[in-house]
Structure formats: structure tokens, C-alpha cells
Amino acid sequence: MKIPVLFFAGLSIAQFSMAQLKTTPVCPPFEVDILAGSVNEITPKSNWTEIGAAFPCFSEIVEKDSGSRCAGVFYKDKGIYFFTDRDYIELKENFKGKSIPKLMGTTRSSLFNTLGYPKIKDLTWDAFQTRYGTLILYYNKANKIIKIQMSTKTTDAIKLCE
């Protein structure tokens with residue numbers, strides 16, 4: 001009786017010892033240069049393969065032919081989104097990284113020295129012309145920045161995702 005029990009116990013242990021260990025992908029810190037329009041040298045024109053290789057800890061990749069959703073590589077828990085088919089990068093309020101200059105949470109009235117006058121101004125957002133394209137800043141009711149979009153497109157050609 002001991003032999004069959006030992007045999008099955010040994011078989012079970014052997015089966016678990018062959019299990020594959022899987023590592024969790026680790027990303028380098030996100031360092032955003034808002035005036036250059038890049039994240040660790042990844043630009044809004046980078047494709048999803050380049051972005052995924054640079055930052056392997058993505059939470060979702062949406063391919064171009066996925067219906068109504070915009071294609072891109074998304075890091076929802078880190079607050080950064082790369083919209084690859086529309087050539088723009090979006091930082092949300094929960095962005096976990098470093099940006100130069102630090103704009104998130106900054107008040108609207110303090111931006112002139114850094115960015116100058118906006119090309120287009122609205123109640124809840126401003127669009128600035130940059131050397132790489134367009135920088136769009138969104139504000140809350142207290143006029144503090146809550147979302148940043150960096151695009152290679154001009155204000156006339158930009159198409160954003162909802």
C-alpha cells in the first residue's frame with residue numbers, strides 16, 4: 001500500500017517541479033520631455049513594437065483594426081498612453097513618472113514663461129504649437145493641468161481618441 005501512495009506522491013511532485021517560472025516585465029522609469037515631445041527617446045511617431053520593446057510592462061496593446069477603439073500601447077496603471085495610429089502620447093492625472101518641465105497640476109496662469117501664448121484656447125484646454133507638432137493641456141475647474149497630449153500633427157490635422 002505504501003508503494004502506490006509513494007509513487008503517486010512522487011509523480012505529483014515531479015509534475016509541479018516542471019512548471020515554468022514566468023517573470024514580470026519591468027519597465028524603466030518614464031521620463032517625459034514635454035518640450036521635445038518624447039518619452040525616454042520614444043516619440044509619438046514610434047510604432048507599437050518599438051514602444052513595447054522600450055517599455056515591456058504595458059497593460060494593453062490595441063491593434064489598428066480593432067473596431068472603434070484607437071490603436072496604441074497603453075500603461076493604464078502608470079497613466080501614460082501611446083496612440084500609435086494617431087501619432088500622439090497622452091499623460092493622465094495618475095501619471096507615474098518624471099516630466100520636464102513638470103506641468104501636471106500646474107496652474108494655467110503660470111504657463112506663459114514656459115510655453116508662450118496658446119495657438120488655440122478653449123474653456124477647458126489650450127493647444128500650443130511646438131517644434132514637434134502640438135501640445136494640448138487640459139484643465140480642471142481649478143484651472144490646474146489634469147491631462148497632457150503631445151502630437152506630431154498640427155492643430156488643423158490632429159485627430160484625438162475619446
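Throughout, residue positions are numbered sequentially from 1 according to the sequence presented. Quick caveat: nothing in here was measured; it's all calculated off a predicted structure.
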Indicate yes or no for a side-chain donor-acceptor contact from [X] to the backbone of [Y] under 3.5 Å, with no hydrogens or angles considered.
| X | Y | result |
| --- | --- | --- |
| N40 | E31 | yes |
| D122 | W125 | no |
| N140 | K144 | yes |
| S110 | T106 | no |
| Y75 | K96 | no |
| R108 | N143 | no |

ask   = Do N47 and T84 come close enough that some side-chain heavy atom pair is under 4.5 Å?
value =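 No - every pair of side-chain heavy atoms lies 4.5 Å or more apart.
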task = Decide yes or no for L115 and L35: does some side-chain heavy atom of the first lie under 4.5 Å from some side-chain heavy atom of the second?
result =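 Result yes, sub-4.5 Å side-chain heavy-atom pair found.
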Give the minimum heavy-atom separation between [X] and [Y], together with the two atoms involved.
| X | Y | result |
| --- | --- | --- |
| M150 | V32 | CE-CG1, 3.7 Å |
| T134 | Q129 | OG1-OE1, 4.4 Å |
| S99 | I34 | CB-CD1, 3.9 Å |
| N94 | K76 | ND2-O, 3.2 Å |
| A127 | T155 | CB-CG2, 4.0 Å |
| K153 | R86 | CE-O, 4.1 Å |

request  = Would you sort out whether D87 and I158 count as a side-chain contact (heavy atoms from CB on, under 4.5 Å), showing the intermediate values?
outcome  = CA-CA 9 Å; D87 292 338; I158 195 168; over 6 Å; no
Once you round to the nearest 0.5 Å, how far does [atom1] of [X] lie from [atom2] of [Y]?
| X | Y | atom1 | atom2 | value |
| --- | --- | --- | --- | --- |
| Q149 | K92 | CD | NZ | 9.0 Å |
| L160 | C70 | CG | SG | 9.0 Å |
| T152 | K45 | OG1 | NZ | 5.0 Å |
| I146 | K141 | CD1 | NZ | 10.5 Å |
| K102 | I145 | NZ | CD1 | 9.5 Å |
| K78 | S59 | NZ | OG | 9.0 Å |

Quick one: do [X] and [Y] end up in the same hydrophobic cluster if we chain Ile, Leu, Val, Met, Phe, Trp and Tyr together by side-chain heavy atoms under 4.5 Å apart?
| X | Y | answer |
| --- | --- | --- |
| I136 | F95 | no |
| Y132 | I148 | yes |
| L135 | F30 | yes |
| V62 | Y81 | yes |
| I89 | F55 | yes |

request  = Compute the centroid of each ring, for F82 and then for F74, and state whether the two points are separated by less than 6.0 Å.
outcome  =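 No: the rings miss the under 6.0 Å criterion.
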ask   = Counting only heavy atoms not in E41, do more than 12 sit closer than 6.0 Å to its CD atom?
value =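 Counting other residues, nucleotides and ligands, CD of E41 stays at 12 neighbours or fewer.
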key: salt bridge (Lys or Arg N to Asp or Glu O under 4.0 Å) between E93 and K147, worked out   = CA-CA 6 Å; E93 220 171 355; K147 183 165 65 170; over 6 Å; no
request  = For the pair W48 and I61, evaluate side-chain contact (heavy atoms from CB on, under 4.5 Å) and give the outcome as yes or no after the intermediate values.
outcome  = CA-CA 8 Å; W48 64 270; I61 289 182; 3.9 Å; yes
task = Decide whether D126 and Y138 meet the rule of one side-chain donor and one side-chain acceptor closer than 3.5 Å.
result =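 Checked: D126/Y138 side chains show no N/O donor-acceptor pair below 3.5 Å.
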key: Aromatic F128 / basic K119 pairing, under 6.0 angstrom, 45° off normal   =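 Judged by the rule (NZ or CZ under 6.0 Å from the ring centre, within 45° of its axis), K119 is not positioned above F128.
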